[in-house]
Engineer: 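Following this message is one structure expressed as structure tokens.
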Amino acid sequence: MPELPDVEVFRRYINEHALKQKISDVTVNNTGILKNTSVSNMKKALKGKVFSRTSRRGKYCFLETNGEDTVVLHFGMTGNIKYHENGTPLDDHERVRFHFENGNILSFVNVRLLGEVRLIKDKDSFVTSKQIGSDALQLSYNQFRQLLQRRSSMVKSMLMNQNLLSGIGNVYADEILYQSRIHPKKNVKDLTESQVKKLYTMMKKVTETAIKKNVDAGKFPHSYITHRREEGEKCPSCGGTLEKIKVSGRPTYFCPKCQEE
DNA sequence: AGTACCACCTGACGGC
DNA sequence: TGCCGTCAGGTGGTAC
């Protein structure tokens, strides 16, 4: 799940439930999820502190504290966030639990262990060291156009390149390209000015719509294909059959009729 | 520079 | 029922 819209929804959920509550403990179910830190470091850094605010860049979620440390969450291919009322028994997939003095718990859920939890001092240097591109929602049209300049790659690969712009993953890349009526394998150097413009507009629109709909694909507009990622599904525009191919190794759905190469 | 392939993990699903 | 291969909304490394 966790692409930009999903992470943004998690972030808002955390804002709604888990800010300004004193942290009493941190427990870790599987230490493999911790990167560059340890359970004892986590406890030491967070006990007695509160999460003061959250932020996000691409698929990374930052939980800033009133201390020196910031918790970084990345979900990998699976995962979500859950705020528990007091006394909820531990589920196997809850990898890290932040316990609050009021008895409630903020839980980092991660089925496959591809996600990670970190502790950092400085967000900017983290972003720099990881070379995380500008957030897709923050990018201006001019910046977007700059990114495409003198570049030669398949448009879907470009959208998913987190070093260029961050937040777009496999599913939303397909939706953006479908809404833009651009073939996923089209080379960015062959895009017309109006296609670039369309791509940018749809990137924003699809992302914002997904957030507005709380990333519930069932509530997405009928004209979307995100909830149609299965063999044999029909294109909501032309009624033809959606095709499944691989692009940079990832399963890709598109309409061969509406998105000509 | 861009792409293909593999690895990291676990769970769900279809075929036998 | 159970085993097995395949696949999955991400990222990082390697090799061409």
Side-chain angles (χ1 to χ4, degrees), chain A residues 1-11 28-36 56-61 72-81 91-96 108-118 126-127 129-133 135-136 146-179 184-191 203 206-207 209-211 213-220 224-233 242 244-254:
Chain A
M1 289 161 108
E3 302 183 31
L4 188 158
D6 309 84
V7 179
E8 177 61 17
V9 169
F10 298 155
R11 190 187 74 78
V28 180
N29 191 8
N30 187 318
T31 52
I33 212 80
L34 300 182
K35 291 287 171 324
N36 295 333
R56 184 187 57 71
R57 183 166 175 125
K59 302 171 189 172
Y60 288 89
C61 184
V72 186
L73 306 179
H74 191 280
F75 296 87
M77 295 260 274
T78 56
N80 61 320
I81 279 291
D91 180 274
D92 278 352
H93 302 132
E94 291 179 44
R95 307 303 184 180
V96 179
F108 176 79
V109 184
N110 203 243
V111 176
R112 295 162 74 180
L113 292 164
L114 300 174
E116 52 187 63
V117 175
R118 295 171 183 265
F126 175 75
V127 166
S129 70
K130 289 282 236 176
Q131 294 183 273
I132 307 168
D135 188 82
Q146 287 288 329
L147 291 179
L148 305 193
Q149 222 90 81
R150 293 180 305 280
R151 196 163 292 278
S152 171
S153 79
M154 292 184 285
V155 60
K156 181 170 176 179
S157 309
M158 181 278 293
L159 282 176
M160 289 179 63
N161 184 341
Q162 304 298 303
N163 302 320
L164 286 183
L165 71 169
S166 63
I168 308 299
N170 195 40
V171 167
Y172 289 104
D174 282 0
E175 190 66 73
I176 291 162
L177 289 164
Y178 174 74
Q179 296 300 327
K185 284 191 168 178
K186 182 128 184 153
N187 195 303
V188 295
K189 71 177 165 21
D190 298 326
L191 292 175
M203 178 176 81
V206 166
T207 306
T209 301
I211 294 169
K213 300 292 179 188
N214 239 24
V215 292
D216 179 352
K219 295 196 179 117
F220 287 5
Y224 276 38
I225 59 166
T226 294
H227 52 298
R228 298 190 169 92
R229 298 179 69 77
E230 269 181 59
E231 220 88 58
E233 284 282 337
L242 297 180
K244 182 184 182 186
I245 56 173
K246 293 260 183 198
V247 178
S248 25
R250 311 296 305 279
T252 299
Y253 292 85
F254 74 108

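All of these numbers come straight from a predicted model, not from anything done at the bench. Residue numbers begin at 1 in each chain, while the letters A, B, ... track the order of the sequences.
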Engineer: T31(A): what forms a side-chain hydrogen bond (donor to acceptor under 3.5 Å, both in side chains) with it, not counting sequence neighbours?
Structural biologist: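 For T31(A), no residue satisfies side-chain hydrogen bond (donor to acceptor under 3.5 Å, both in side chains) once neighbours in sequence are set aside.
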Engineer: Could you pull out all residues at least two apart from S153(A) that satisfy side-chain hydrogen bond (donor to acceptor under 3.5 Å, both in side chains)?
Structural biologist: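 Here no residue qualifies.
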Engineer: Using a heavy-atom cut-off of 4.0 Å across all strands, would you classify K244(A) as base, sugar-phosphate, or nothing?
Structural biologist: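 Sugar-phosphate, no base atom in range.
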Engineer: Report the secondary structure of DNA chain C in dot-bracket form, marking unpaired bases with a dot and bases paired to a different strand with |, and treating Watson-Crick or G-U pairs with both distances under 3.5 Å as paired.
Structural biologist: .|||||||.|||||||
Engineer: Does F75(A) reach a base, just sugar-phosphate, or nothing at all? Heavy atoms under 4.0 Å.
Structural biologist: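 No contact.
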Engineer: From the 5' end of DNA chain B to its 3' end, which nucleotides mark the outer limits of contact with chain A, defined by a 4.0 Å heavy-atom distance cut-off (strictly under)?
Structural biologist: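 Reading along DNA chain B, I get dG2(B) to dG11(B).
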Engineer: What nucleic acid atoms does D6(A) come within less than 4.0 Å of, heavy atoms only: base, sugar-phosphate, or nothing?
Structural biologist: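 The answer is base, as D6(A) lies within the cut-off (heavy atoms under 4.0 Å) of a base atom.
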Engineer: Distance check, P atoms only: dC3(C) and dC9(B), in whole angstrom units.
Structural biologist: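 The answer is 23 Å between these two P atoms.
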Engineer: Could you check whether K185(A) gets within reach of a base, just the sugar-phosphate, or nothing at all, counting any heavy atom under 4.0 Å?
Structural biologist: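 No contact at all - K185(A) keeps every heavy atom at 4.0 Å or more from the nucleic acid.
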Engineer: Counting the atoms with a prime plus P, OP1 and OP2 as sugar-phosphate, which does S152(A) contact under 4.0 Å by heavy atoms, base, sugar-phosphate, or nothing?
Structural biologist: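 Contact class for S152(A): sugar-phosphate only.
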Engineer: Got a sec, which residues hit ring-ring contact (aromatic ring centres under 6.0 Å, His included) with Y60(A), two or more places apart in sequence or on another chain?
Structural biologist: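 Testing Y60(A) for ring-ring contact (aromatic ring centres under 6.0 Å, His included), a comparison that skips the adjacent residues, returns H74(A), F126(A).
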Engineer: Can you give me the N/O atom pairs linking the protein to nucleotides 12-16 of chain C at distances under 3.5 Å, or say none if there are none?
Structural biologist:
{"unit_1": "dG12(C)", "atom_1": "OP1", "unit_2": "K130(A)", "atom_2": "NZ", "d": "2.9"}

